Amino acid sequence: MDIETVDLLRKMVDEAPFGMYVLDTERKIVFWSEGAASITGCSAEEMMGKHCFDGGLDHIDSTGLHLCHDFCPMMATIFDGHSREQLVFLKNKAGKRVPALVHTEPLFSGDRTLGAIEYFRVLPESEYPVPKER
């Protein structure tokens with residue numbers, strides 16, 4: 001793929017109206033889009049190379065359960081190769097909980113799992129009140 005094509009693809013991803021990040025099989029962030037930076041307030045420089053569970057997003061589900069260590073949709077997708085979609089409440093850089101719909105997809109090279117990608121978009125706070133954390 002030539003550099004112009006790569007630049008075009010990057011521009012398309014960065015201008016999408018949602019956030020996107022990619023994890024390797026160790027759950028390290030290897031890509032962080034401009035949309036992800038805009039939604040979370042965390043730049044690619046701050047997030048790249050960190051484990052997703054150390055990156056400060058600290059997802060909780062609609063019952064207030066913390067997902068990042070035991071019930072993470074990305075971890076499950078890496079493990080079993082299945083897509084998922086879930087309502088979560090991520091924590092932005094300012095510490096505010098934000099309702100978001102996340103969609104995960106596995107990444108493969110042949111039969112080998114490379115990691116997973118998560119797309120996420122902000123949902124209206126008026127329709128998705130933040131649950132009490134537990």
Side-chain angles (χ1 to χ4, degrees):
M1 196 176 301
D2 64 48
I3 193 71
E4 287 180 12
T5 303
V6 171
D7 287 345
L8 177 61
L9 291 172
R10 175 68 187 217
K11 184 173 176 58
M12 289 168 47
V13 167
D14 282 340
E15 291 183 6
F18 51 81
M20 180 184 355
Y21 66 98
V22 176
L23 300 181
D24 66 13
T25 56
E26 300 298 314
R27 295 174 60 199
K28 282 190 181 174
I29 298 170
V30 297
F31 175 79
W32 188 259
S33 75
E34 286 295 321
S38 177
I39 292 168
T40 65
C42 300
S43 69
E45 292 78 24
E46 292 172 291
M47 300 302 285
M48 298 277 288
K50 288 186 178 178
H51 288 97
C52 59
F53 50 84
D54 290 332
L57 297 177
D58 189 23
H59 295 77
I60 61 172
D61 68 11
S62 59
T63 70
L65 180 69
H66 289 264
L67 301 174
C68 291
H69 290 283
D70 297 320
F71 306 102
C72 171
M74 286 284 271
M75 181 171 61
T77 293
I78 291 168
F79 177 75
D80 68 13
H82 295 289
S83 303
R84 288 176 169 70
E85 193 164 89
Q86 182 174 351
L87 167 66
V88 303
F89 297 83
L90 61 86
K91 190 182 285 185
N92 68 16
K93 189 173 182 176
K96 181 181 179 198
R97 289 276 174 206
V98 178
L101 183 64
V102 301
H103 181 90
T104 63
E105 290 289 338
L107 295 173
F108 298 107
S109 177
D111 291 339
R112 196 173 110 229
T113 301
L114 300 177
I117 186 168
E118 179 176 293
Y119 306 94
F120 59 100
R121 65 181 176 87
V122 174
L123 298 172
E125 291 180 44
S126 60
E127 294 178 36
Y128 301 93
V130 177
K132 188 175 211 174
E133 294 181 40
R134 53 184 183 116

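Excluded from the calculations below are hydrogen atoms, water molecules and symmetry mates; all remaining heavy atoms, backbone and side chain alike, are included. We number each residue from 1, following the sequence as shown. Worth saying up front: this structure is predicted, and the values here are computed from it rather than measured.
Within the 4.5 Å cutoff, side-chain heavy atoms of Pro131 are placed close to those of Ile60.
Heavy atoms only, all atoms of each residue included: Ala37 and Ser43 are closest at CB-CA, 4.2 Å. Closest approach of Val102 and Pro73 over heavy atoms only: CG2-CG, 4.5 Å. Across all their heavy atoms, Gly115 and Ile78 have their closest contact at C-CG1, 3.8 Å.
Ring planes of Tyr119 and Phe18: perpendicular class, angle over 60° (limits at 30 and 60°).
Heavy-atom neighbours of Phe79 CZ from other residues, nucleotides or ligands within 6.0 Å: at or below the threshold of 12. Open room surrounds CZ on Arg121; 12 or fewer heavy atoms of other groups in view lie less than 6.0 Å from it.
Val122 and Leu87 are assigned to two separate hydrophobic clusters, defined by single-linkage of ILVMFWY side chains at heavy-atom distances under 4.5 Å. Cluster annotation: Leu101 is not connected to Leu90 through the hydrophobic network of ILVMFWY side chains, with a link wherever side-chain heavy atoms come within less than 4.5 Å.
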Practice task
Before giving the answer on side-chain contact (heavy atoms from CB on, under 4.5 Å), spell out for Tyr21 and Met74 the whole-Å C-alpha distance, their side-chain angles and the decisive distance to 0.1 Å.
Solution key: CA-CA 10 Å; Tyr21 66 98; Met74 286 284 271; 3.9 Å; yes
Exercise for the section: Take His66 and Glu133 through the test side chain to side chain donor-acceptor pair (under 3.5 Å) and record every step on the way to the result. Expected result: CA-CA 7 Å; His66 289 264; Glu133 294 181 40; 3.1 Å; yes
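For the residue pair Thr104 and Glu118, no side-chain donor N or O sits within less than 3.5 Å of a side-chain acceptor on the partner.
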